[in-house]
**Student:** 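Structure below; questions to follow.
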Amino acid sequence: MIDLRSISFRYREDWVLQDISFRIERSEFIGVIGPNGSGKSTLLKTLCRLLVPQKGEILLDNVSLKEMGQREIAKKMAVVPQEAYSLFPFRVTEIVLMGRSPYLGHLMFERAMDLEIAKKAMEWTEILQISERSIDELSGGERKRVFIAKALAQEPEIILLDEPTANLDIHHQVDFLSLILSLNREKGLTIVMASHDLNIASEYCDRLILLKEGKIYKIGSPREVITRENIEEVYGCEVWVDENPISGMPRITLLKEGNCINETLERD
Ligand code: ADP
């Protein structure tokens, strides 16, 4: 569905993404992980053509992004930004309706069909009851749902999420991720999620891309990517990796400096 062919990108002189190639299949849930500054956000921005790589190309359903208009891309792909806020105190419905803009002509008003689609998006994300409230009166978790509803109103096939669970408490993290997972499993949406939280990425994603200094260090299933060796090499700190006892997926435990793994193993 999305095919990245040797893309490299730089903002200034230094390359921030280097020779990145991979394919994303339809209905996959892909996680992009890596330390701060490794290029996760930049990669997401090239996927939706907010940034254009200086080298290589990205194909969306076999068509180069360079040949597609922003509107055409927006009909296939929606982005939920890291900071889900609005500069103006719009009502929730108004924000969700903005998701319909790729389908509306210049100066064209929403049609009944657009209102219906926005309503469905709000139903799915369970925000109908707050639809008349102003965005700046909502909690962080509610705001995230509003921006997911806006993305859904775009009727995309792909949703790009940048650090979606940052600043959410664990209850809201689980709620939010259940919603994303249901969009993936029930609606067949393709999800690309950049995340700092390795345990979340391990639990929810089908495949992970681990970035190190703008290059792909490892790509594969969570079991292949989340290993002690890979994480220590890329993040430069000691971790303990075992299995989540419920799901069987890799689980990372952070280690306090001085808690040496080998000594602990010998003691046990
Ligand atoms: P991550 O999302 O993994 O933290 P980013 O993609 O945000 O990484 O950043 C990758 C690199 O690109 C960093 O070195 C960062 O400083 C640099 N960078 C990000 N945005 C800009 C920008 N707008 N202008 C110049 N450099 C940038």
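The basis for the numbers below is simple: all heavy atoms, side chains too, and nothing from hydrogens, waters or symmetry mates.
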**Student:** Considering only heavy atoms from C-beta outward, does the side chain of Gln173 approach that of Asp197 to under 4.5 Å?
**Tutor:** yes
**Student:** Are more than 12 heavy atoms from other residues, nucleotides or ligands located less than 6.0 Å from atom CD of Glu163?
**Tutor:** yes
**Student:** Counting distance only, does the side-chain N/O of Arg133 pair as donor-acceptor with the main-chain N or O of Glu137 below 3.5 Å?
**Tutor:** yes
**Student:** Output, in order, the C-alpha distance, side-chain angles, deciding distance and verdict of side chain to side chain contact (heavy atoms under 4.5 Å, CB included) for Val80 and Ile159.
**Tutor:** CA-CA 7 Å; Val80 178; Ile159 296 193; 4.1 Å; yes
**Student:** Would Arg26 and Glu157 pass as an ion pair if we require N to O under 4.0 Å?
**Tutor:** yes
**Student:** Checking the side chain of Glu28 only, and the main-chain atoms of Glu25 only, is there a donor and an acceptor separated by less than 3.5 Å?
**Tutor:** yes
**Student:** Run the side chain to side chain contact (heavy atoms under 4.5 Å, CB included) check on Leu59 and Ile2 step by step: do they pass?
**Tutor:** CA-CA 6 Å; Leu59 306 184; Ile2 309 179; over 6 Å; no
**Student:** Measure across Lys40 and Ala194 and return the closest heavy-atom pair with its distance rounded to 0.1 Å.
**Tutor:** CB-CB, 4.1 Å
**Student:** Looking at Arg228, Lys212, Lys218, which one forms a side chain to side chain donor-acceptor pair (under 3.5 Å) with Glu233?
**Tutor:** Lys212
**Student:** For a quick test of reading the model, state the closest non-hydrogen atom pair linking Arg207 to Arg23 and the distance between them.
**Tutor:** NH2-O, 2.7 Å
**Student:** Ignoring hydrogens and angles, tell me if any N or O in the side chain of Tyr235 forms a donor-acceptor pair with the backbone of Gly34 under 3.5 Å.
**Tutor:** yes
**Student:** Rounded at 0.5 Å granularity, tell me how far CG in Leu60 sits from CG in Leu47.
**Tutor:** 9.5 Å
**Student:** Check the pair Ser21 / Leu4 against side chain to side chain contact (heavy atoms under 4.5 Å, CB included), numbers first and verdict last.
**Tutor:** CA-CA 5 Å; Ser21 294; Leu4 289 89; 5.6 Å; no
**Student:** If we ignore hydrogens and angles and just use 3.5 Å, is the side chain of Gln154 paired with the main-chain N or O of Met77 as donor and acceptor?
**Tutor:** yes
**Student:** Under a 4.0 Å N-O cut-off, is there an ion pair linking Asp14 with Arg12?
**Tutor:** no
**Student:** Do Ile170 and Leu179 belong to the same hydrophobic cluster, where Ile, Leu, Val, Met, Phe, Trp and Tyr are linked whenever their side-chain heavy atoms lie under 4.5 Å apart, directly or via other members?
**Tutor:** no
**Student:** Just by modelled atom types, is the Val92 backbone N or O under 3.5 Å from a matching donor or acceptor in the Ser131 side chain?
**Tutor:** no
**Student:** Is it the case that the side chains of Ser247 and Glu203 hold a donor-acceptor pair, with the cut-off being a distance below 3.5 Å and no angle test?
**Tutor:** yes
**Student:** Is there a donor-acceptor contact under 3.5 Å from the side chain of Ser27 to the main chain of Gly188?
**Tutor:** yes
**Student:** Just wondering, more than 12 heavy atoms not from Asn62 lying within 6.0 Å of its CG?
**Tutor:** no
**Student:** Linking I/L/V/M/F/W/Y whenever any side-chain heavy atoms sit under 4.5 Å apart, do Met113 and Leu104 land together?
**Tutor:** no
**Student:** Once rounded to the nearest 0.5 Å, what's the spacing between atom OG of Ser64 and atom CD1 of Ile58?
**Tutor:** 8.5 Å
**Student:** Just verifying a value: how many Å separate Glu155 CD and Lys120 NZ, rounded to the nearest 0.5 Å?
**Tutor:** 9.5 Å
**Student:** Can you give me the closest heavy-atom contact between Leu189 and Pro156, atom names plus distance?
**Tutor:** CD2-O, 2.9 Å
**Student:** Would you say Ser195 and Tyr204 are linked by a side-chain donor-acceptor pair, where the criterion is simply a distance under 3.5 Å?
**Tutor:** no
**Student:** Given the rule in the side chain to side chain donor-acceptor pair (under 3.5 Å) test, do Ser202 and Asn199 qualify, once you have shown the distances and angles that lead to the verdict?
**Tutor:** CA-CA 5 Å; Ser202 172; Asn199 284 322; 5.6 Å; no
**Student:** Would you name the heavy atoms of Glu224 and Gly220 that are closest together and state the gap between them?
**Tutor:** OE1-CA, 3.3 Å
**Student:** Quick check on the hydrophobic clustering: are Ile33 and Ile24 connected, directly or via other members, by side-chain heavy-atom contacts under 4.5 Å?
**Tutor:** no
**Student:** Report the distance from atom CD1 of Ile95 to atom CZ of Phe90, rounding to the nearest 0.5 Å.
**Tutor:** 7.0 Å
**Student:** Does any part of the side chain of Leu17, heavy atoms only, come nearer than 4.5 Å to the side chain of Leu43, both counted from C-beta?
**Tutor:** yes
**Student:** Determine, for Trp124 and Lys187, whether the Lys NZ or Arg CZ falls below 6.0 Å from the six-membered ring centre while staying within 45 degrees of the axis.
**Tutor:** yes
**Student:** Taking the side chain as every heavy atom from C-beta outward, state whether Met193 and Ile180 have any pair of such atoms under 4.5 Å apart.
**Tutor:** no
**Student:** I'd like to know if Val32 and Phe22 are part of one continuous hydrophobic network [Ile/Leu/Val/Met/Phe/Trp/Tyr, side-chain heavy atoms within less than 4.5 Å].
**Tutor:** yes
**Student:** Below 4.5 Å, heavy atoms only, C-beta onward: do Lys45 and Thr42 meet side chain to side chain?
**Tutor:** no
**Student:** With heavy-atom distances below 4.5 Å as the criterion, would you say the side chains of Asp19 and Lys215 are in contact?
**Tutor:** no
**Student:** Looking only at atom types and distance, does a side-chain atom of Arg71 sit under 3.5 Å from a main-chain N or O of Pro102, one as donor and one as acceptor?
**Tutor:** yes
**Student:** Any side-chain heavy atom of Leu65 sitting closer than 4.5 Å to one from Glu57?
**Tutor:** no
**Student:** Indicate whether any N or O donor in one side chain lies under 3.5 Å from an N or O acceptor in the other, for Asp175 and His172.
**Tutor:** no
**Student:** With a 4.5 Å limit on heavy-atom distance, are the side chains of Ile127 and Ile148 in contact?
**Tutor:** no
**Student:** Treating Glu232 as the side-chain partner and Glu229 as the backbone partner, does any N or O pair qualify as donor plus acceptor under 3.5 Å?
**Tutor:** no
**Student:** So, the side chain of Gln129 versus the backbone of Glu126: is there a donor-acceptor pair under 3.5 Å, distance only?
**Tutor:** yes
**Student:** Closer than 4.0 angstrom, basic N to acidic O: yes or no for Asp206 and Arg223?
**Tutor:** no
**Student:** Answer with yes or no whether the hydrophobic clustering places Leu138 together with Phe147; edges join I, L, V, M, F, W, Y residues whose side-chain heavy atoms lie under 4.5 Å apart.
**Tutor:** yes
**Student:** For the atom pair CD (Glu142) and CD1 (Ile135), what is the distance rounded to the nearest 0.5 Å?
**Tutor:** 9.0 Å
**Student:** What is the distance from atom SG of Cys237 to atom CG of Leu255, rounded to the nearest 0.5 Å?
**Tutor:** 8.5 Å
**Student:** Which heavy atom in Leu161 sits nearest to a heavy atom in Leu44, and how many Å separate them?
**Tutor:** O-CD2, 3.3 Å
**Student:** For Ile117 and Ala153, work out which heavy atoms get closest and say how close.
**Tutor:** CG2-O, 3.8 Å
**Student:** Step by step, work out the side chain to side chain contact (heavy atoms under 4.5 Å, CB included) result for Leu152 and Thr125.
**Tutor:** CA-CA 9 Å; Leu152 284 180; Thr125 48; 4.0 Å; yes
**Student:** Measuring only between side-chain heavy atoms, which start at C-beta, is Trp240 closer than 4.5 Å to Ile252?
**Tutor:** no
**Student:** Under 3.5 Å, side chain of Glu94 to main-chain N/O of Arg91, donor-acceptor pair present?
**Tutor:** yes
